[in-house]
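Because only heavy atoms are used, hydrogens play no part in the values below, and waters and symmetry mates are left out as well, while side chains stay in. Letters go in sequence order (proteins before strands), and every chain restarts at 1.
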Amino acid sequence: MLEEFQVELDGVPDQVPGGELRPDYNVAPTKNVYAVMCRVPKDDGGESPGDEPVRQLRVVRWGLVPSWAKDPSVGSRMINARVETVAEKPSYRRALKSRRCLIPADGYYEWMPLEGRKKQPFFIHPADGGVLAMAGLYEFWKDPTRPDDDPLKWLCTCTVITTTATDKLGRIHDRMPMMVERDRWTEWLDPRVTDPTGLLVPAGPDRLEAYAVSDVVNSVRHNGPELVEPLEGDDVPRLF
DNA sequence: CCAGACGTTGTT
DNA sequence: GTCTGG
DNA sequence: CCAGACGTTGTT
DNA sequence: GTCTGG
């Protein structure tokens, strides 16, 4: 991942014992995920202040907690930001200006409504097996219950921007995460770019492939490579 | 002025 | 923190 | 998104 | 039915 996103500063070992997150096949809101972001490194007293932003890999919690929140529980509902309204929403507009990130993923799940209240989960991923770069925002929240020297004093959280799903993917669900194409990563991440609206164009879903998976994925207690195995059988919903 | 919200999804 | 609604 | 709780007192 | 937690 450090190579794929040309990360200059690996911030993960400072945040996670062992240096990396375990593979996760069922990422739920409030869980930790990787984020690629571009920030000016903290001035640690030595060397030059270095006001150049640097591309970093960090661990953030999914579910954005606005800086003004009284407690972090609101984050569990701030898991998506609609691209149509993200620039106006009080919870997101500040982050949109200068705290944009990329959330890497092998793919994502989407639930297709069936007859009645039933739903069929699908796994959606790049046909070429490459990594997805979902458009995200991040925010810092200062925990008032912890002392200043507590490493958990600052909570960093993120949200995923969504857009209209079209074509094949629209048959599963009308919304989908927004992707950032590789040639726009640098601009998208640059905190000095304060008007990223030109970059907010839906990525073509052409290179994405979708197949039905077991509804074992519905419960966050289940987690393993079996969750992304294609569902077998004649009655499996297809997208033709 | 103060109080209260601040979000998305999908379902009826 | 900032906006909306009453 | 889906699953699971939805409550307090006091005890192990 | 609706909210919270993962």
Side-chain angles (χ1 to χ4, degrees), chain A residues 16 21-34 59-101 103 105-125 132 134-144 154-166 169-179 194 200 202 208 210-224 226-228 231 237:
Chain A
V16 182
L21 297 177
R22 312 181 87 82
D24 197 335
Y25 298 86
N26 205 349
V27 179
T30 73
K31 291 175 86 177
N32 282 343
V33 295
Y34 289 116
V59 170
V60 300
R61 203 177 80 168
W62 184 25
L64 187 142
V65 179
S67 60
W68 38 261
K70 289 187 183 67
D71 72 88
S73 63
V74 288
S76 58
R77 282 166 291 153
M78 308 280 191
I79 59 174
N80 293 123
R82 294 176 63 91
V83 69
E84 298 92 334
T85 55
V86 65
E88 287 88 48
K89 295 295 182 183
S91 298
Y92 298 140
R93 60 190 171 194
R94 190 179 284 269
L96 179 70
K97 281 183 187 276
S98 61
R99 282 183 294 278
R100 300 176 296 275
C101 63
I103 315 288
D106 294 316
Y108 62 95
Y109 299 105
E110 207 70 89
W111 281 261
M112 182 170 74
L114 300 175
E115 292 280 311
R117 262 133 287 185
K118 293 192 197 308
K119 303 222 179 110
Q120 176 63 54
F122 282 78
F123 183 64
I124 300 162
H125 68 107
L132 286 179
M134 299 189 289
L137 306 175
Y138 65 93
E139 190 62 85
F140 291 101
W141 181 76
K142 189 158 87 168
D143 190 339
W154 289 92
L155 177 68
C156 190
T157 58
C158 73
T159 192
V160 174
I161 300 179
T162 61
T163 189
T164 304
T166 55
L169 296 179
R171 292 203 275 272
I172 300 174
H173 189 67
D174 63 341
R175 305 294 295 177
M176 66 181 282
M178 220 185 65
M179 311 299 168
T194 55
L200 295 177
L208 294 181
Y211 56 83
V213 295
S214 161
D215 60 10
V216 169
V217 73
N218 290 2
S219 173
V220 297
R221 288 175 297 149
H222 298 126
N223 198 331
E226 68 277 8
L227 298 185
V228 293
L231 198 60

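A:Arg82 comes within contact range of the sugar-phosphate backbone alone, with a heavy-atom separation under 4.0 Å but no base atom that close. Base contact: A:Ile79 has a heavy atom under 4.0 Å from a base atom. A:Tyr109 comes within 4.0 angstrom of nothing in the nucleic acid, heavy atoms only. No engagement by A:Ser73 is indicated, since no non-hydrogen atom pair under 4.0 Å with the nucleic acid exists. Heavy atoms of A:Asp174 sit under 4.0 angstrom from primed sugar atoms or phosphate atoms, though from no base atom. In this structure, A:Thr162 reaches the sugar-phosphate backbone alone: every heavy-atom distance under 4.0 Å involves primed, P, OP1 or OP2 atoms, never a base. Among the protein residues, A:Pro29 comes within range of the nucleic acid bases, having at least one heavy atom under 4.0 Å from a base atom. A:Ala69 comes within 4.0 angstrom of no nucleic acid atom, judged by non-hydrogen atoms across all strands.
Using the six-membered ring where Trp is involved, A:Trp111 and A:Tyr109 have ring planes that are tilted, between 30° and 60° apart.
Shown here for A:Asn26 and A:Lys31, the closest heavy-atom pair between the two residues is O-NZ, 3.1 Å.
In terms of modelled atom types and a separation under 3.5 Å, the side chain of A:Tyr92 and the main chain of A:Arg82 share no donor-acceptor contact. A donor-acceptor pair is defined here as one N or O able to donate and one able to accept, closer than 3.5 Å; such a pair exists between the side chain of A:Tyr34 and the backbone of A:Leu21.
Close to B:dT8, at under 4.0 Å from its OP1 or OP2, lies no side-chain N or O of A:Thr159. Remark: A:Arg93 is not in phosphate contact with C:dG1, judged by side-chain N or O atoms under 4.0 Å from OP1 or OP2. Within the structure, a side-chain polar atom (N or O) of A:Asn218 is placed less than 4.0 Å from OP1 or OP2 of D:dA3. For the OP1/OP2 pair of D:dC2 and a distance below 4.0 Å, the side-chain nitrogens and oxygens of A:Lys119 include at least one atom meeting the criterion.
The nucleotide whose nearest atom lies closest to any side-chain atom of A:Trp68 is, among B:dC6, B:dT8, D:dA3, B:dC6. In this structure, of C:dG1, D:dC1, B:dT8, it is C:dG1 that holds the atom nearest to the side chain of A:Pro90.
Going from the C1' atom of C:dT4 to that of B:dG7 covers 16 Å, rounded to whole Å.
Aromatic pair A:His222/A:Tyr25: centroids not less than 6.0 angstrom apart.
Ring stacking is absent between A:Trp111 and D:dC2, as the pair misses the limits of under 5.5 Å between centres and under 30 degrees between planes.
Paired regions of DNA chain B, where each region holds three or more successive Watson-Crick or G-U pairs whose two hydrogen-bonding distances fall under 3.5 Å, are B:1-6 with C:1-6.
Residue A:Arg94 places its CZ atom among 12 or fewer non-hydrogen atoms of other residues, nucleotides or ligands, all under 6.0 Å distant.
Rounded to whole Å, the distance from CZ on A:Phe140 to P on C:dG1 is 17 Å.
Summary of the strand contacts: A:Ser76 and A:Pro113 both lie near DNA chain B, and taking for each the nucleotide with the nearest heavy atom, the more 5' one is attributed to A:Ser76.
How far CH2 of A:Trp141 is from CH2 of A:Trp154: 10.5 Å, rounded to the nearest 0.5 Å.
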